[in-house]
Amino acid sequence: MEAKKVWFVTGASKGLGFELVKKLLSDGFKVAATSRTVESLTDAFGEVSENFLPLSMNITDNNDVKSALDKTVEHFGNVDVIVNNAGYGQLGTLEELSDAEARANFDVNVFGTLNVIRNAMPYLRAQKSGNIFNISSVGGYYGGFPGWGVYCSTKFAVAGFTEALAEEARDFGIHATVVYPAYFRTDFLTKDSVKTPENSIEAYEAARNSEKAHLDEINGNQPNDPVKAADVLIQISKEENPPVHLLLGVGAPEFLNNKIEAITKDAKNWEDLTLSTGI
């Protein structure tokens, strides 16, 4: 019987990460789970065991991330699957958000994920195998949501560097997948999780309406089940040739189609100018 893989999951105390760790442990996988506090993990999943290693980790601190991965390999002997799930939503138009607010969102969603990749790759390269799942969003390929520009741009970045990583890691037998979840019924949109602009500008009516809709109407009514999303990730990890791009959830294809249609329309309408630059 094939040995169960060792998973390293960030942002494991809530949302998709929580449901994934819960499912993995119930299926007999070995899991290193990270969050800002160990207590949030032990309260949910129990103490350190042969199959479970809870770790406090500051994802924006490269040395802390390295230490967490070193402890994972020390505890389990190896690591096979990396899930970069840690992140948060930042609401606010580009004019509203301060430099500090924008950078903080990039520090966690983008540079935090890069910290994990940077420190996981030496282990995966040495064993010439592994899977890396980088959790993006439908907002990582379609950014037409007023008031979500900075958040979407972080998820565009995750998608972009995952595509490059897939090519860089291929020769080492490592698979990289960018996951684009649609709306899942997690606590992502709760007022305690998503951040709103410190200095809002009321003139941005569309952004305020979007903010209200997400926090008051969409939250709690999302059409997708995070438990089923966990099942999908486990299944993909077993595939010999997993996808580089994974759309996840009801609604995800529609957002993709909107983006394709918008780009195609602009390309056709402005094709004469596009081609006018040739020598």
Side-chain angles (χ1 to χ4, degrees), residues 16 84-85 87-97 101-103 105-106 108-110 113 133-167 176-186 188-189 194-197 200-219 221-224 226 229 232 236 242-278:
L16 176 57
N84 281 304
N85 174 70
Y88 69 93
Q90 175 66 65
L91 277 163
T93 66
L94 299 186
E95 181 185 355
E96 288 173 323
L97 292 181
E101 288 172 299
R103 287 179 184 273
N105 205 205
F106 269 84
V108 173
N109 295 5
V110 178
T113 298
F133 292 102
N134 293 330
I135 309 300
S136 178
S137 163
V138 290
Y141 59 70
Y142 181 75
F145 304 95
W148 288 90
V150 165
Y151 172 75
C152 286
S153 66
T154 68
K155 294 306 185 178
F156 266 77
V158 169
F161 66 61
T162 304
E163 291 181 354
L165 177 63
E167 296 302 316
T177 298
V178 54
V179 183
Y180 300 102
Y183 289 107
F184 278 81
R185 198 164 298 180
T186 68
F188 174 77
L189 288 175
V194 70
K195 294 188 178 182
T196 54
S200 62
I201 300 173
E202 291 308 312
Y204 284 105
E205 185 176 350
R208 295 290 82 76
N209 290 339
S210 176
E211 179 180 312
K212 186 177 188 306
H214 280 85
L215 297 180
D216 298 338
E217 298 166 26
I218 297 175
N219 180 41
N221 295 301
Q222 298 96 323
N224 291 293
V232 171
I236 293 295
V244 175
H245 306 91
L246 177 64
L247 303 184
L248 195 58
V250 174
E254 285 77 3
F255 285 113
L256 177 64
N257 291 336
N258 290 342
K259 179 62 176 280
I260 292 172
E261 289 174 7
I263 291 178
T264 301
K265 181 180 178 181
D266 283 345
K268 287 182 177 179
N269 287 345
W270 299 95
E271 185 175 14
D272 289 345
L273 285 179
T274 298
L275 302 177
S276 69
T277 61

Taking all non-hydrogen atoms of both residues, which atom of L97 and which atom of Q90 are closest, and how far apart?
-> CD2-NE2, 3.5 Å
Check A182 against V138 and note the closest heavy-atom contact, atom names and distance.
-> CA-CG1, 3.6 Å
Main-chain N/O of N105 paired with Y88 side-chain donor or acceptor, under 3.5 Å = yes
Hits for side-chain contact (heavy atoms from CB on, under 4.5 Å) against E205, two or more places apart or cross-chain, chain-then-number order -> N209
Atom pair OG/CH2 of S137 and W148 - distance to nearest 0.5 Å | 8.5 Å
CD/E254 to OH/Y142 distance, rounded to the nearest 0.5 angstrom?
-> 12.5 Å
Residues that F156 engages under ring pair (Phe, Tyr, Trp, His ring centres under 6.0 Å), provided they are two or more places apart | none
So which heavy atom on A252 is nearest to which on L247, and how close?
-> CB-CB, 4.1 Å
Under 3.5 Å, is there a donor-acceptor pair between the side chain of E96 and the main chain of I201?
-> yes
Residues 268-275 side chain polar contacts: donor-acceptor under 3.5 Å, at least two apart:
| residue | atom | partner | partner atom | Å |
| --- | --- | --- | --- | --- |
| N269 | ND2 | K265 | O | 3.3 |
| T274 | OG1 | W270 | O | 2.9 |

With side chain to side chain donor-acceptor pair (under 3.5 Å) as the test, would you mind laying out the steps for T154 and N109 before giving the verdict?
-> CA-CA 6 Å; T154 68; N109 295 5; 3.2 Å; yes
Would you please test L16 and V179 for side-chain contact (heavy atoms from CB on, under 4.5 Å) and show each step?
-> CA-CA 12 Å; L16 176 57; V179 183; 5.8 Å; no
Taking the side chain as every heavy atom from C-beta outward, state whether T93 and P146 have any atom pair closer than 4.5 Å.
-> no
Quick one: list whatever passes ring pair (Phe, Tyr, Trp, His ring centres under 6.0 Å) with Y180, sequence neighbours left out.
-> Y141
Where do L248 and A229 come nearest, in terms of heavy atoms and distance?
-> CD2-CB, 3.8 Å
Report, one line per pair, each donor and acceptor closer than 3.5 Å where one atom sits in a side chain of residues 158-165; sequence neighbours left out.
| residue | atom | partner | partner atom | Å |
| --- | --- | --- | --- | --- |
| T162 | OG1 | N134 | ND2 | 2.8 |
| T162 | OG1 | V158 | O | 2.6 |
| E163 | OE2 | H245 | NE2 | 2.7 |

Is a side-chain donor or acceptor of T177 paired with a backbone partner of F133 at a separation under 3.5 angstrom?
-> no
Excluding sequence neighbours, so at least two apart, what forms side-chain hydrogen bond (donor to acceptor under 3.5 Å, both in side chains) with E95?
-> Y204
Can you name the closest pair of heavy atoms from G139 and C152 and give their distance?
-> O-CB, 3.2 Å
Distance-only, no hydrogens or angles: does the T264 side chain make a donor-acceptor pair with backbone N or O of E261 under 3.5 Å?
-> no
For G87 and V108, work out which heavy atoms get closest and say how close.
-> CA-CG1, 3.8 Å
